[in-house]
Amino acid sequence: MVIEERIGVRARPLVAWELVASPSAMTRLSSEVVSVEWVDLTPALAGSVFRGHHRVGPFRWSTTNVIERAVPGKVFAWRTVEGRGSSVMLCSYEFSRTPNGCEIAERFRPGNWLAAAECRLGRGLMIRRAMRATLRKLSSMLDGGA
């Protein structure tokens, strides 16, 4: 199961990537992310670790995340882990050049059976809505900056 949303923006892929590759920017873009901090002080590199703090209504939780791929202007992907590093989910942004800027694809893939079951039981719809809202905010920040 993969949840995916896409949007076109009038910005170069590298400009869009630089914004997304700063997880702390998600506090302005995401309706769920409250704060983010780097754990190992090596931002936007594969293997770097950051903590995310989230809120949906009365529910609050924190995540530990490991950057999987960080290719400027192409892809920024991380996995959320728990315990001894078992994957809970994989999230990514991929960028492809278009004649007017770039297309951004945001993807979410559950990393275990529990996350997949939650997606089928309603969390998937919440994630899709949050992705659409995040991409709209990202678009409004980037448009005009190409």
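All values below come from the heavy atoms of this structure, side chains included, with hydrogens, waters and symmetry mates left out.
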Sidechain-backbone polar pair: Asp143 side chain, Arg10 backbone, donor-acceptor under 3.5 Å:
yes

Output yes when a side-chain donor or acceptor of Ser139 lies under 3.5 Å from a complementary backbone atom of Leu135, and no otherwise.
no

So, taking the atom named CD1 in Ile7 and the one named SG in Cys102, what distance separates them when rounded to the nearest 0.5 Å?
10.5 Å

Got a second to check how far Ser22's OG is from Leu29's CG, nearest 0.5 Å?
9.0 Å

Can you name the residues that form a side chain to side chain donor-acceptor pair (under 3.5 Å) with Glu32, not counting sequence neighbours?
Arg123

On a heavy-atom basis, which atom in Ser92 and which in Ala77 lie closest, and how many Å separate them?
CB-CB, 3.6 Å

So if you build clusters from Ile, Leu, Val, Met, Phe, Trp, Tyr with side-chain heavy-atom gaps below 4.5 Å, do Leu14 and Phe95 land together?
yes

Contact summary for Ser30 and Thr134, nearest pair of heavy atoms
CA-OG1, 3.6 Å

Quick one: are Trp17 and Phe76 in side-chain contact, heavy atoms under 4.5 Å?
yes

With distance as the sole test, does Arg97 use its side chain to make a donor-acceptor pair with the main-chain N or O of Gly101 at under 3.5 Å?
yes

Enumerate the ring pair (Phe, Tyr, Trp, His ring centres under 6.0 Å) contacts for residues 20-48, please, sequence neighbours excluded, ordered by first and then second residue.
Trp38-Phe50

So do the side chains of Val9 and Leu138 get within less than 4.5 Å of each other, counting heavy atoms only?
no

Can you name the residues that form a salt bridge (charged side-chain N to carboxylate O under 4.0 Å, His left out) with Arg6, not counting sequence neighbours?
Glu4, Glu103

Side-chain touch Ile3/Met89, heavy atoms, less than 4.5 angstrom:
no

So Trp61 and Val56, do their side chains get closer than 4.5 Å, heavy atoms only?
yes

Ignoring hydrogens, what is the shortest heavy-atom contact between Ala16 and Ile104? Give both atom names and the distance.
CB-CD1, 4.0 Å

Among Ile, Leu, Val, Met, Phe, Trp and Tyr joined by side-chain contacts under 4.5 Å, find the other residues sharing a cluster with Val75 and list them by chain and number.
Val71

According to salt bridge (Lys or Arg N to Asp or Glu O under 4.0 Å), does anything in residues 125-138 pair up with another residue at least two apart or in another chain? List the pairs.
Glu5-Arg128, Glu5-Arg132

Pairs in or reaching into residues 63-77: which pass side chain to side chain donor-acceptor pair (under 3.5 Å), with residues at least two apart or in two chains?
Arg51-Thr64, His54-Thr63, Thr63-Asn65, Asn65-Thr80, Glu68-Arg79

Taking all non-hydrogen atoms of both residues, which atom of Glu106 and which atom of Met131 are closest, and how far apart?
O-CE, 2.9 Å

Atom CZ of Arg107 with >12 non-hydrogen neighbours under 6.0 angstrom
yes

